[in-house]
Every structure is written in structure tokens, then in C-alpha cells.
**Q** 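Quick one: the structure is below, questions incoming.
Below, chain A is the first sequence line, B the second, and so on; all start at residue 1.
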Amino acid sequence: MYFCTYIHIHIIIKKNIMNRSVIKDLLKSTEYESKVLVKGWVRTKRGNNTVAFVALNDGSIIHNLQIVIDVPSFDAELLRRINTGACIGVKGSLVESKGQGQKVEVIADTVELYGEADPEVYPLQKKGHSFEFLREIAHLRVRTNTFGAVFRIRHAMAFAIHKYFNDMGYFYLHAPIITASDAEGAGEMFRVSTLDPDNLPLTEDKKVDYSKDFFGKATNLTVSGQLEGELAALALGGVYTFGPTFRAENSNTPRHLAEFWMIEPEVAFNDINDNMNLAEDFLKYLINYALENCLDDLEFLNSMVDKELIERLKFVVNNKFIRMSYEGAIEILLASGHKFEFPVSWGLDLQAEHERYLVEKHFKCPVILTDYPREIKAFYMKQNDDKRTVRAMDVLFPRIGEIIGGSQREENFDKLLARIRELGMPEKELWWYLDTRRYGTVTHSGFGLGFERLLLFVTGMANIRDVIPFPRTPKNAEF
RNA sequence: UCCUCAGUAGCUCAGUUGGUUAGAGCGGCGGACUGUUAAUCCGUAGGUCGAAGGUUCAAGUCCUUCCUGAGGAGCCA
């Protein structure tokens, strides 16, 4: 009874929200001669004194709807003001198109101009623009085909991430964004403070007195939700975080952002092999979801941005990832005879050129490397019996490099504490983390997936600043 | 942060060993055209050459510093 009422209300509300026909639906419709109302933004207008054609886009799909206007029966001044970028509403008849290039079109009865776009100053032209230029007008670039496609895909991937984990019975955990711990020691952090920078309270030895700050201690924006994810995994079983992450590194590359989104599953009872299985299944699910749900956008990107995109996505979905140890990778690199700029030897971290060689030249396939030397990996990783490696795993993708970094976690209290002391970390500040190993500890594993790096791969875009609506990078926080 | 390259019209770019009044395509504007597909054709306006110094009779062009952007490296997701 209650359920029926809800459905009824929901339908009424949806009707009110959708006080127009959506172009995505109209392009599939065969209800010819029916009257429709469409609203959207003009991409191009062309024609002559008799007939004009408006390509209308409402964001629901990459394709435009052709509006046919019988010029003599419309106000010339109104038509003059309908230019690229203008927002209009059109009432008319949906008909089979007389011209080539589209199945259906709308013969306009009336056209209402909601908002003009002065062609003298509107920055988007009918011609293509460079991505660098569009970055400078990020508030308008969503109106282009490419960025419309990218952000529809971004939405679909975010949705698919929640769907995957929800269907798996995992719980979405909101890790804090403000944190007092610098747990991973992963690079520079953004300070969060309400202290007046021009009048800082000082302690007796002339240092900033953070006890006077909002939280009574120094705080920062999070660089990872992993440690909190571990706490929850050891109660809820399987959890994942999906939220913004902040790194104040002065990184100027097409693969780094100061503010990015990260997905971090953390799963109790999973060892490193379960972890690899999860990572591979997860990535394949997401890519397959894009192929099944975003094909129009992918086809556009395939034709305009990256000719091998769809082929590459299908390849990843259909092939097993190569799994091997760090040691095995070193042996392959040493035996390759390839001349690398940086040295290869056991104990040194792999450089970008080494990872690229393995993925793009040697295996030509995604690769998962495990069991890295403990000295080059984080303190929380499960220590192997050989005393010199840890159960880390990096998933390496073509074009992207490291798309996932993760590990089985050290669940043994004594070993974890020894490692924390060995690295000179502030063990007192990690009391809560160590408590999970004091009480009811168990094998568990997890990893971090950079959302924008996933999007780089799925969209074929080359620069990470072009897969997030408003990128934050050194010297740039515009919009 | 380091290395390399770039910054000239609204956009994308050309501009010779320094030498008259800085060019093109696209876009805009005006016109032509009875169904166009980033329409086509004719015409037209539009520039503090990233900023500040310097060298020179003369600088878009050479030198210095700075700013911005891109690519590579490092850090990592």
C-alpha cells in the first residue's frame, strides 16, 4: 500500500521534472507526426532564406537533434539571435528526416529563445578547439562534444563503482576528509587551519601553537582513506571508500592532480591473491560497463581522440592480466637487452620507463607485480617470510602506468610495531590503528584506484586535467 | 622541483641572416543561395607580437629576468 503510493508520487514528480522531451529518447522514437517540446543549446545553425537547420543538443546524448525552421514564417530578428551557444525551446512535429545524416528531425512550430550567446564574444566556435584552450574556459567546455562525452562517462563510471561494490555486499565508508594523521607519509599535505596567518599564536619556543587551532592540533586534508578503511573492514567485512583526496605535491604531469578522487576497497579475510582477483575483476567490470552503457560516447572519442580506444578496452576486458613478482620483472628487464636511462637491479624501485617496457613492449597486456622490496614500500604492508619483501601489488596499465597500488596488510601486532619503530614513525599517534592488531586482528587486504586515471584509460584522453570538471593543479584553482 | 619547447587577430598557426605599412585559414560581421550536415560562394572588420628591462640607426626576430602553458623526469593514484 505504502509502496504503491510512493511509486505514484514518484511518477508525478518525474513528469514535472521532465517538462520536455529528451533528445536521447527522441532520436530513437518512431512516433512520427507527434508533437514534442525540446529544450537545449544550439551547436550550429545553417541554411538560406527559405529553410534553416539548427543542430540542438540537450546533454542527454552526444548526438544532436536537427530542428527544421521554415524561415519565412518566423520573425527574422528572432532567427538572427539564434546562434551557436544560445539556449532555445522548440515546439514542433517529430518527423522522419528528408535529408541524409539523421533518422528523425523536428519541424518547428514555435521557437522560444531562453538565452542568447553573442557570437562576437562567445568563445566556442563551430570549429574544433585545442584542449589547452578549453581548459581556460572550463566553465563552458562541457558544452563541447568531447567533454560532454567525458563527463557522461565519468558519471557512468562513478555509478558503476557503487553498483559493483553494492552488488558484492561491500559497504560504502565515508572516510574523513580532515585528518590529524600523516599516516602513509605520502608526500606533502594541505594544512587545514582557522588560525590567522598574519597573527599566529606562538608557544614559548616560538613555534606555532596548534593547540589554539580549531581542532586543538595540526590538521590536514586527507591523502588516503585507507587506514580508516581498514578499521571498518575489520568490522563490516568488506568496505570501500570513494571520495576526494588531496596531495600538495608540486607535480606537473598529465597524470597528477592536487585534488583527485580515489576508490579504496578494504576487505577482511582477503590475502594478496584475493586482492589481485578483486582488482582485476573490478577493473574489467568497470571497463565492460562503459562498453555496454557509453558506446555512443566511446565511439565519438574513438573517432576524434584515440583511434585504438575501443579495441584497447575490449582487449583488457577479454584477457587475463599477467601476474608476476617484482623479482621476475627485474629478471625480464635485465635480460631484455634494452637500454634504459635508469639502472635496473634488485632493490631499486621500477621507473616509469621500466613499467612501460613491461606493459607496452614485453607483455603488451596489463601486468600485476607483487612482492616488492620492503624498503621501497609503505610500513603497513604484510612482511614476507623472506624478510626482504612485502606483499605489495601494483597494477600496471598501458598508457597510464600504475593505475592501482595495494597490498595485503601486516596484521601481526609485533611485526607492524617493529616496522613503525624502524621507520621512526610517531607510534603514539597511531594508537587507534595499532588497536586493530591488538584486538581481533586478521588477514586483510586492499588497494587504491585513482578515479581520474581510470577515466584516462576509459576515455582515451591524454591529460588528467581533461577528465575532471575543474582540475586543481599547482598554480591553478580557477572556477 | 629539474630538463626541453612554446606564448603573434576570437581560435589554430606562418613570419627568412634583425630592415618599409605584421600575414593565412577558420570563426565574426555584411551579402548571395529552396534541404543543409564543422554547408557553399562573394565581400569585410579585427593585432600593446605574454610582461618588464637591455643591445642596436632599427627588435615579432638578439640578450636578461619574470609570468603562463605544454611535454619529459621525480613523487604517486
Side-chain angles (χ1 to χ4, degrees), chain A residues 43-55 63-72 80 83-85 95 97-102 105 107 117-137 144-145 184-188 223-226 241-264 279 304 341-342 349-353 355-356 376-378 394-397 400-406 447-457 462-468 473-476 478:
Chain A
R43 285 293 170 78
T44 65
K45 184 181 71 172
R46 50 183 175 265
N48 51 46
N49 290 329
T50 309
V51 61
F53 302 92
V54 169
H63 305 300
N64 301 323
L65 177 68
Q66 176 154 282
I67 308 296
V68 184
I69 295 173
D70 178 49
V71 172
R80 194 189 61 75
N83 298 112
T84 299
V95 300
S97 178
K98 279 194 225 168
Q100 303 295 308
Q102 59 280 316
E105 61 194 16
I107 310 290
D118 183 352
E120 299 260 17
V121 289
Y122 184 62
L124 290 175
Q125 304 170 358
K126 297 174 191 180
K127 278 282 184 181
H129 293 287
S130 68
F131 292 144
E132 288 85 353
F133 171 68
L134 291 171
R135 244 169 255 152
E136 294 169 10
I137 50 166
T144 64
N145 287 331
E184 280 194 87
E188 294 295 307
V223 293
S224 166
Q226 180 200 315
T241 71
F242 183 6
T245 309
F246 307 89
R247 306 264 168 100
E249 292 290 341
N250 195 0
S251 297
N252 292 289
T253 85
R255 296 177 307 282
H256 290 85
L257 291 164
E259 177 185 291
F260 63 100
W261 290 65
M262 187 153 65
I263 301 103
E264 295 175 290
M304 300 299 285
E341 192 185 338
F342 291 90
D349 206 356
L350 296 177
Q351 304 292 313
E353 57 167 345
E355 296 180 345
R356 222 177 297 125
I376 60 174
K377 288 292 182 183
D394 283 0
V395 181
L396 309 178
F397 258 37
I400 313 297
E402 184 182 337
I403 195 168
I404 277 179
F447 59 80
L449 168 67
F451 187 47
E452 284 77 18
R453 289 202 180 161
L454 171 74
L455 288 172
L456 280 181
F457 187 76
N463 192 312
I464 202 163
R465 294 159 201 150
D466 296 330
V467 295
I468 189 168
T473 52
K475 305 284 181 217
N476 181 20
E478 194 72 63

**Q** Gln125(A) has an atom CD; how far is it from atom P of G28(B), in whole Å?
**A**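 Result: 7 Å.
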**Q** Can you tell me, in whole Å, how much space there is between the P of A51(B) and that of A59(B)?
**A**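 After rounding to an integer number of Å, I get 15 Å for this pair.
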**Q** Students often get this wrong, so: under 4.0 angstrom with heavy atoms, is Arg43(A) touching a base, only sugar-phosphate, or nothing?
**A** nothing
**Q** Just call it for Ala352(A): base, sugar-phosphate, or nothing, with non-hydrogen atoms closer than 4.0 Å on any strand.
**A** sugar-phosphate
**Q** Taking the C1' atom in each of G30(B) and G46(B), what is the distance between them to the nearest angstrom?
**A** 15 Å
**Q** Take atom P in U8(B) and the same atom in G47(B), then report the distance between them in whole Å.
**A**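 The answer is 15 Å between these two P atoms.
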**Q** In whole Å, what is the span from the CD atom of Glu136(A) to the P atom of U12(B)?
**A**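 Between P of U12(B) and CD of Glu136(A): 8 Å.
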**Q** For G74(B), does either OP1 or OP2 sit under 4.0 Å from a side-chain N or O belonging to Arg247(A)?
**A**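 The answer is no; no side-chain N or O of Arg247(A) sits under 4.0 Å from OP1 or OP2.
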**Q** Passes ring pair (Phe, Tyr, Trp, His ring centres under 6.0 Å), Phe246(A) versus Phe260(A)? Steps please.
**A** CA-CA 7 Å; Phe246(A) 307 89; Phe260(A) 63 100; 8.3 Å; no
**Q** Give the nucleotide from the list G27(B), A77(B), A70(B) with an atom nearest to the side chain of Arg465(A).
**A**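 Shortest atom-to-atom distance from the side chain points to A70(B).
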**Q** Taking OP1 and OP2 of C75(B), is either one under 4.0 Å from a side-chain nitrogen or oxygen of Arg255(A)?
**A** no
**Q** Remember a base hit wins even if backbone is also touched, and classify Ile403(A) as base, sugar-phosphate or nothing at under 4.0 Å, heavy atoms.
**A** sugar-phosphate
**Q** Below 3.5 Å, does any donor atom in the side chain of Arg80(A) face an acceptor in the base of C29(B), or the other way round?
**A** no
**Q** Assess whether one donor atom and one acceptor atom, taken from the side chain of Ser251(A) and the base of C76(B), lie less than 3.5 Å apart.
**A**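 Between C76(B) and Ser251(A), which were checked side chain against base, a qualifying N/O pair under 3.5 Å is absent.
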**Q** Tell me which nucleotide among C75(B), G69(B), G72(B) gets nearest to the side chain of His256(A).
**A**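 Of the candidates, C75(B) comes closest.
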**Q** Please tell me if the side chains of Arg465(A) and Pro254(A) come closer than 4.5 Å, counting only heavy atoms from C-beta onward.
**A**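 Result no, sub-4.5 Å side-chain heavy-atom pair not found.
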**Q** With rounding to whole Å, what would you report as the distance between C76(B) and A38(B) at their P atoms?
**A**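 It works out to 47 Å between them.
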**Q** Pick the nucleotide of RNA chain B nearest each of Glu402(A) and Thr473(A); which residue has the one closer to the 5' end?
**A** Thr473(A)
**Q** Could you tell me whether the side chain of Leu124(A) reaches within less than 4.5 Å of the side chain of Leu134(A), counting heavy atoms only?
**A**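 The answer is yes, as the side chains (C-beta and beyond) meet within the 4.5 Å cut-off.
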**Q** Among the nucleotides C29(B), U34(B), U68(B), which one has an atom lying closest to any side-chain atom of Pro119(A)?
**A** C29(B)
**Q** Using a distance-only test with no angle check, is there a side-chain donor-acceptor pair under 3.5 angstrom linking Thr245(A) and Arg247(A)?
**A** no
**Q** Does some side-chain heavy atom of Ile137(A) sit less than 4.5 Å from a side-chain heavy atom of Glu478(A)?
**A**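 No, too far: nothing below the 4.5 Å cut-off.
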**Q** Taking it one step at a time, do Gln125(A) and Thr84(A) satisfy side chain to side chain donor-acceptor pair (under 3.5 Å)?
**A** CA-CA 7 Å; Gln125(A) 304 170 358; Thr84(A) 299; over 6 Å; no
**Q** Let's go through Asn476(A) and Arg135(A) carefully: what are the C-alpha distance in whole Å and the side-chain angles of both, what is the deciding distance for side chain to side chain donor-acceptor pair (under 3.5 Å) to 0.1 Å, and is it a yes or a no?
**A** CA-CA 11 Å; Asn476(A) 181 20; Arg135(A) 244 169 255 152; over 6 Å; no
**Q** To the nearest Å, how far apart are Asn250(A) CG and C76(B) P?
**A** 15 Å
**Q** Could you state the atom-to-atom distance from NE2 of His129(A) to C1' of G27(B) in whole Å?
**A** 8 Å
**Q** Does RNA chain B take part in any stems of at least 3 consecutive Watson-Crick or G-U pairs (both distances under 3.5 Å), and if so, which ones?
**A**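 Paired runs of 3+ in RNA chain B: B:1-7 with B:67-73, B:10-13 with B:23-26, B:28-32 with B:40-44, B:50-54 with B:62-66.
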**Q** Could you run down nucleotides 35-51 of chain B 5' to 3' and tag each one B, S or - for protein heavy-atom contact under 4.0 Å?
**A** BBBBB------------
**Q** Suppose you measure atom C1' in A9(B) against the same atom in C13(B); what distance do you get, rounded to whole Å?
**A** 11 Å
**Q** Does Lys377(A) form a salt bridge (Lys or Arg N to Asp or Glu O under 4.0 Å) with Asp394(A)? I'd like the steps, not just the answer.
**A** CA-CA 11 Å; Lys377(A) 288 292 182 183; Asp394(A) 283 0; 3.2 Å; yes
**Q** Check the distance between C76(B)'s C1' and Glu259(A)'s CD and give it to me in whole angstrom.
**A**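 Atom CD in Glu259(A) sits about 17 Å away from atom C1' in C76(B).
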**Q** When you compare C41(B) with C3(B), how far apart are their P atoms, in angstrom units rounded to a whole number?
**A** 49 Å
**Q** Of all the choices, C76(B), A73(B), U12(B), which nucleotide is nearest to the side chain of Gln351(A) once you look at every atom?
**A**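 Looking only at heavy atoms from C-beta outward on Gln351(A), the closest nucleotide is A73(B).
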**Q** Quick one: Asp466(A) CG to G71(B) P, roughly how many Å, whole number?
**A**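 So the CG-P distance, Asp466(A) to G71(B), works out to 9 Å.
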**Q** For Arg356(A) and Asn476(A), take the nucleotide of RNA chain B holding the closest heavy atom to each; which residue's nucleotide lies nearer the 5' end?
**A** Asn476(A)
**Q** Which value, in whole Å, describes the distance between the C1' atoms of nucleotides A6(B) and C33(B)?
**A**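 43 Å, rounded to whole Å.
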**Q** Do the side chain of Glu120(A) and the base of G10(B) come within less than 3.5 angstrom through a donor-acceptor pair of N or O atoms?
**A**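 Checked by distance alone, the answer is no.
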**Q** Would you give the length of the straight line joining atom CD of Glu105(A) to atom CG of Leu65(A), rounded to the nearest 0.5 angstrom?
**A** 8.5 Å
**Q** Go through the steps for Leu257(A) and Ile468(A) under the test side chain to side chain contact (heavy atoms under 4.5 Å, CB included), then give the verdict.
**A** CA-CA 9 Å; Leu257(A) 291 164; Ile468(A) 189 168; 3.9 Å; yes
**Q** Using whole Å, what does the distance between atom P of nucleotide A77(B) and atom CH2 of Trp261(A) come to?
**A**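 The distance from CH2 of Trp261(A) to P of A77(B) comes to 18 Å, rounded to the nearest Å.
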**Q** When only distance counts, do a donor and an acceptor, one from the side chain of Asn49(A) and one from the base of U34(B), lie under 3.5 Å apart?
**A**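 In this structure, the two groups form no donor-acceptor pair.
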**Q** Classify the nucleic acid contact of Leu454(A) as base, sugar-phosphate or nothing, counting any heavy atom under 4.0 Å across all strands shown.
**A**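 The residue Leu454(A) makes no contact with any strand.
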**Q** So do Phe342(A) and Glu353(A) actually touch side chain to side chain, heavy atoms under 4.5 Å?
**A** yes
**Q** For Trp261(A), is there any backbone N or O sitting under 3.5 Å from a side-chain donor or acceptor partner on Glu452(A)?
**A** yes
**Q** Under the 5.5 Å and 30° test, is Phe260(A) stacked on the base of A77(B)?
**A**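 Answer is yes, a stack.
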**Q** Starting at atom CG of Asn252(A), determine the distance to atom C1' of C76(B), rounded to an integer number of angstrom.
**A** 14 Å
**Q** Say we look at C62(B) and C5(B): how far apart would their P atoms be, to the nearest angstrom?
**A**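 Taking atom P in both C62(B) and C5(B), they lie 13 Å apart.
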**Q** Students often get this wrong, so: under 4.0 angstrom with heavy atoms, is Ser130(A) touching a base, only sugar-phosphate, or nothing?
**A**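 Sugar-phosphate contact only.
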